[in-house]
Peer 1: 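Structure below; questions to follow.
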Number of protein chains: 4
Amino acid sequence: MLLAIDMNSETPIYTQLCRQIIKAIATKELQEGDELPSVRSLAADIGVNLHTVNKAYNILKADGFLVVNRRKGVVVSPSTGYTYNENYLQALKNELESVVIEALARHVSDDQLTQMVHEIVQEVRGD
Amino acid sequence: MLLAIDMNSETPIYTQLCRQIIKAIATKELQEGDELPSVRSLAADIGVNLHTVNKAYNILKADGFLVVNRRKGVVVSPSTGYTYNENYLQALKNELESVVIEALARHVSDDQLTQMVHEIVQEVRGD
Amino acid sequence: MLLAIDMNSETPIYTQLCRQIIKAIATKELQEGDELPSVRSLAADIGVNLHTVNKAYNILKADGFLVVNRRKGVVVSPSTGYTYNENYLQALKNELESVVIEALARHVSDDQLTQMVHEIVQEVRGD
Amino acid sequence: MLLAIDMNSETPIYTQLCRQIIKAIATKELQEGDELPSVRSLAADIGVNLHTVNKAYNILKADGFLVVNRRKGVVVSPSTGYTYNENYLQALKNELESVVIEALARHVSDDQLTQMVHEIVQEVRGD
DNA sequence: GTGGTCTAGACCACT
DNA sequence: GTGGTCTAGACCACC
């Protein structure tokens with residue numbers, strides 16, 4: 001897995017890490033039981049602080065994507081560990097709302113939006 | 001127009017203001033030329049500092065949603081002022097990506113996602 | 001003479017008035033001795049406050065463009081009244097500098113700049 | 001880089017800061033990736049409030065001249081970030097117009113103007 | 001340490 | 001009255 005961090009982005013580094021790992025899980029590049037690099041080695045690899053990687057891992061553990069395995073270190077959870085629930089759907093809708101509403105205000109069409117979502121889904125599934 | 005601010009939210013107050021005003025524009029509750037409350041009165045109304053309101057207004061001005069009219073104060077721009085462009089579409093796709101990818105990882109279905117987008121569009125259009 | 005005021009511009013109305021009158025003088029639409037509308041009628045005409053028109057007239061008087069004639073009211077000065085001097089040239093260069101330097105930083109070419117100046121000169125002379 | 005602020009000028013301090021930084025970029029005194037002083041240290045240096053420096057930095061970020069790097073603080077963007085576009089050229093022409101037209105009205109010659117522009121270009125390029 | 005956000009209170013330019 | 005600018009001092013998130 002290749003992690004590309006943009007130091008100039010306004011998104012915090014730990015968030016970028018989370019997203020890229022989640023993306024790898026979504027595209028099945030990372031599957032149940034796969035080991036992740038140790039906090040130490042990953043931090044050295046991408047040149048960031050230990051705390052930053054640690055924070056990302058902790059968030060992903062809290063979200064159920066990762067789990068600590070005594071022998072293998074941090075591994076990807078079985079997919080039942082991070083299935084959506086009501087709370088998540090609500091949060092998802094809120095996030096979508098703020099993005100979609102601005103798009104509509106700017107005269108992006110209904111079709112363009114769903115088209116865009118489809119493209120993203122295709123990228124994830126077909127990648 | 002009614003603005004509801006959540007002081008405990010982690011999203012900055014000025015961002016919440018921006019979103020609600022954009023939403024009002026999207027739903028045509030606010031139309032071209034409509035006057036917004038003065039920074040001072042709005043700040044007093046919702047109980048925040050005037051600089052916070054000012055920042056929101058300034059962002060919306062920079063984004064083309066609002067303009068300052070010498071006689072009427074802050075008013076809604078003609079809709080040509082905030083039409084989408086290439087840069088915006090790119091940013092929009094990036095924002096959608098991070099949201100959608102996590103949803104897919106959590107086994108939200110393609111259909112659920114487009115359904116959710118449709119619901120939001122309905123809310124905006126049908127209001 | 002037609003005065004078009006943009007209430008949404010960030011340039012103060014009195015400055016817009018000054019510029020348009022100066023432009024009319026530059027294009028010889030207004031010539032030495034020509035009468036300007038009274039403060040009162042001009043204000044009513046373009047729908048602004050008396051003070052605003054008054055301020056514009058006063059600035060133009062201080063700059064030598066206009067002069068008060070006992071019988072005809074405010075009239076255009078003889079062109080000797082507003083010829084450039086050292087101070088003005090210095091101020092002009094400062095104003096040009098801030099504009100030109102940003103243009104250069106943004107990779108506008110030397111030629112584009114002089115071309116643009118030529119175009120403006122043509123518009124004024126040939127108008 | 002040396003920043004000289006004129007507290008008595010009528011141009012806002014943050015604008016003066018913006019111009020001087022843009023000038024430094026134009027003269028290549030500041031190049032892609034170069035770090036700028038932190039808002040706090042620069043504010044202390046020139047004796048203004050940190051919010052004033054912050055505002056200048058924010059404007060330059062919005063204009064694409066600067067970006068915030070998570071490790072290095074505020075740095076100069078790659079020059080692709082602030083290349084001119086149609087909107088900018090239009091705004092540039094408007095700014096040039098108001099300056100040039102008054103100069104013409106005051107009998108500054110065509111040649112003097114282009115000469116002045118050339119001088120400024122020379123100063124920037126030959127620095 | 002950094003930048004980002006918020007508050008509070010002041011003065012000024014413009015209309 | 002409006003928005004624009006500046007100051008001063010506070011807390012927080014990120015690294």
Side-chain angles (χ1 to χ4, degrees), chain A residues 5 7-17 43 46-56, chain B residues 5 7 9-17 35-44 46-59 61 66-75, chain C residues 5 7-17 43 46-56, chain D residues 5 7 9-17 35-44 46-59 61 66-75:
Chain A
I5 299 301
M7 288 305 188
N8 293 341
S9 167
E10 61 182 2
T11 340
I13 294 173
Y14 76 89
T15 306
Q16 295 185 49
L17 281 174
I46 56 183
V48 300
N49 196 296
L50 286 179
H51 299 3
T52 308
V53 176
N54 211 15
K55 181 162 185 178
Chain B
I5 298 303
M7 295 308 237
S9 166
E10 65 179 358
T11 58
I13 296 175
Y14 75 89
T15 304
Q16 297 184 47
L17 281 174
E35 303 173 30
L36 276 82
S38 77
V39 284
R40 282 173 177 80
S41 70
L42 181 50
I46 59 184
V48 301
N49 190 279
L50 97 180
H51 289 106
T52 307
V53 176
N54 202 23
K55 182 165 186 175
Y57 278 11
N58 277 326
I59 290 172
K61 278 184 255 174
L66 304 181
V67 287
V68 180
N69 184 292
R70 297 242 161 219
R71 302 154 92 186
K72 300 193 282 184
V74 176
V75 304
Chain C
I5 300 301
M7 288 303 189
N8 293 342
S9 167
E10 62 181 2
T11 342
I13 294 175
Y14 75 90
T15 305
Q16 295 185 49
L17 281 174
I46 57 184
V48 300
N49 195 295
L50 286 179
H51 300 2
T52 308
V53 177
N54 211 14
K55 181 163 186 176
Chain D
I5 298 302
M7 295 308 234
S9 166
E10 64 179 357
T11 58
I13 296 174
Y14 74 89
T15 305
Q16 297 183 46
L17 282 173
E35 302 173 30
L36 275 81
S38 77
V39 285
R40 282 173 176 79
S41 69
L42 181 51
I46 58 184
V48 300
N49 191 279
L50 97 180
H51 289 106
T52 307
V53 176
N54 203 22
K55 182 165 186 177
Y57 278 11
N58 276 326
I59 290 173
K61 277 184 255 173
L66 304 180
V67 288
V68 179
N69 184 292
R70 296 246 162 219
R71 303 153 92 185
K72 299 193 284 184
V74 177
V75 304

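Residue numbering restarts at 1 for every chain, and letters A, B, ... go by the order of the sequence lines. Side chains are part of it too, since the values below use all heavy atoms of this structure and drop only hydrogens, waters and symmetry mates. Everything numeric here is computed off the predicted structure, so don't read it as measured data.
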Peer 1: Once you round it to whole Å, what is the distance between C1' of F/dT5 and OH of B/Tyr57?
Peer 2: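 It works out to 19 Å between those atoms.
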
Peer 1: Under 3.5 Å, side chain of D/Arg71 to main-chain N/O of A/Asn8, donor-acceptor pair present?
Peer 2: no

Peer 1: What integer distance in Å separates B/Lys72:NZ from F/dG1:C1'?
Peer 2: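 Rounded to the whole Å, the gap is 17 Å.
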
Peer 1: For B/Lys61, answer base if it contacts any base atom (sugar-phosphate contacts may also be present), sugar-phosphate if it contacts only those atoms, and nothing otherwise; contact means non-hydrogen atoms under 4.0 Å.
Peer 2: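 Touches sugar-phosphate only.
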
Peer 1: D/Asn49 CG to E/dT7 C1': how many Å, rounded?
Peer 2: 13 Å

Peer 1: Hey, are D/Asn58 and D/Lys61 close enough side-chain-wise for a donor-acceptor pair under 3.5 Å?
Peer 2: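 Yes, side-chain donor-acceptor contact under 3.5 Å.
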
Peer 1: Could you check B/Gly73 against D/Gly47 and say which one's nearest nucleotide on DNA chain F is further toward the 5' end?
Peer 2: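 The residue mapped nearer the 5' terminus is B/Gly73.
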
Peer 1: Are any of B/Asn54's side-chain N or O atoms less than 4.0 Å away from OP1 or OP2 of F/dG4?
Peer 2: yes

Peer 1: On DNA chain E, does the nearest nucleotide to B/Thr11 precede the nearest nucleotide to D/Ser38 from the 5' side, or the other way round? Give the residue.
Peer 2: D/Ser38

Peer 1: Return no unless some side-chain N or O of D/Thr52 is found under 4.0 Å from OP1 or OP2 of F/dC6.
Peer 2: no

Peer 1: Measure CG/B/Asn58 against C1'/E/dC6 and give the value in whole Å, please.
Peer 2: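 For the pair B/Asn58 CG and E/dC6 C1', the rounded distance is 15 Å.
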
Peer 1: Using atom NZ of B/Lys55 as one end and atom P of E/dG3 as the other, report the distance to the nearest whole Å.
Peer 2: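 Roughly 14 Å, once rounded to whole Å.
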
Peer 1: Assign A/Val48 to base, sugar-phosphate, or nothing according to its heavy-atom contacts below 4.0 angstrom with the strands shown.
Peer 2: nothing

Peer 1: For A/Ile13 and A/Met7: C-alpha separation, side-chain torsions, deciding distance, then whether side chain to side chain contact (heavy atoms under 4.5 Å, CB included) applies.
Peer 2: CA-CA 7 Å; A/Ile13 294 173; A/Met7 288 305 188; 3.4 Å; yes

Peer 1: Whole angstrom is fine here: how far is it from CE in D/Met7 over to P in F/dT7?
Peer 2: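 Whole-Å distance recorded here is 6 Å.
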
Peer 1: Does D/Arg70 have a side-chain nitrogen or oxygen under 4.0 Å from the phosphate oxygens OP1 or OP2 of F/dC15?
Peer 2: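 Answer yes for this pair, as a side-chain N or O of D/Arg70 is under 4.0 Å from OP1 or OP2.
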
Peer 1: Please name the nucleotide paired to F/dC14 by Watson-Crick or G-U wobble geometry with both distances under 3.5 Å, or report none.
Peer 2: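 F/dC14 is paired, partner E/dG1.
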
Peer 1: To check you understand the geometry: which heavy-atom pair defines the closest contact between D/Thr11 and D/Gln16, and what is its length?
Peer 2: O-NE2, 2.9 Å

Peer 1: I'd like to know if the side chain of D/Glu35 reaches the main chain of D/Gly73, judged simply by a donor and an acceptor atom lying under 3.5 Å from each other, with no hydrogens or angles considered.
Peer 2: no

Peer 1: Would you kindly give the CD1-to-P distance between D/Ile13 and E/dC12, to the nearest whole Å?
Peer 2: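 Nearest whole value for this atom pair: 14 Å.
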
Peer 1: Would you kindly check whether a donor in the side chain of D/His51 faces an acceptor in the base of F/dG9, or vice versa, at under 3.5 angstrom?
Peer 2: yes

Peer 1: Round to the nearest Å and state the distance from D/Ile5 atom CD1 to F/dT7 atom P.
Peer 2: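 Spelled out: CD1 on D/Ile5 to P on F/dT7 is 11 Å.
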
Peer 1: Return yes if the base of E/dG1 and the side-chain atoms of D/Arg40 contain a donor-acceptor N/O pair under 3.5 Å, otherwise no.
Peer 2: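 Absent.
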
Peer 1: Check whether any side-chain N or O of B/Tyr14 sits under 4.0 Å from OP1 or OP2 of E/dT5, and answer yes or no.
Peer 2: yes

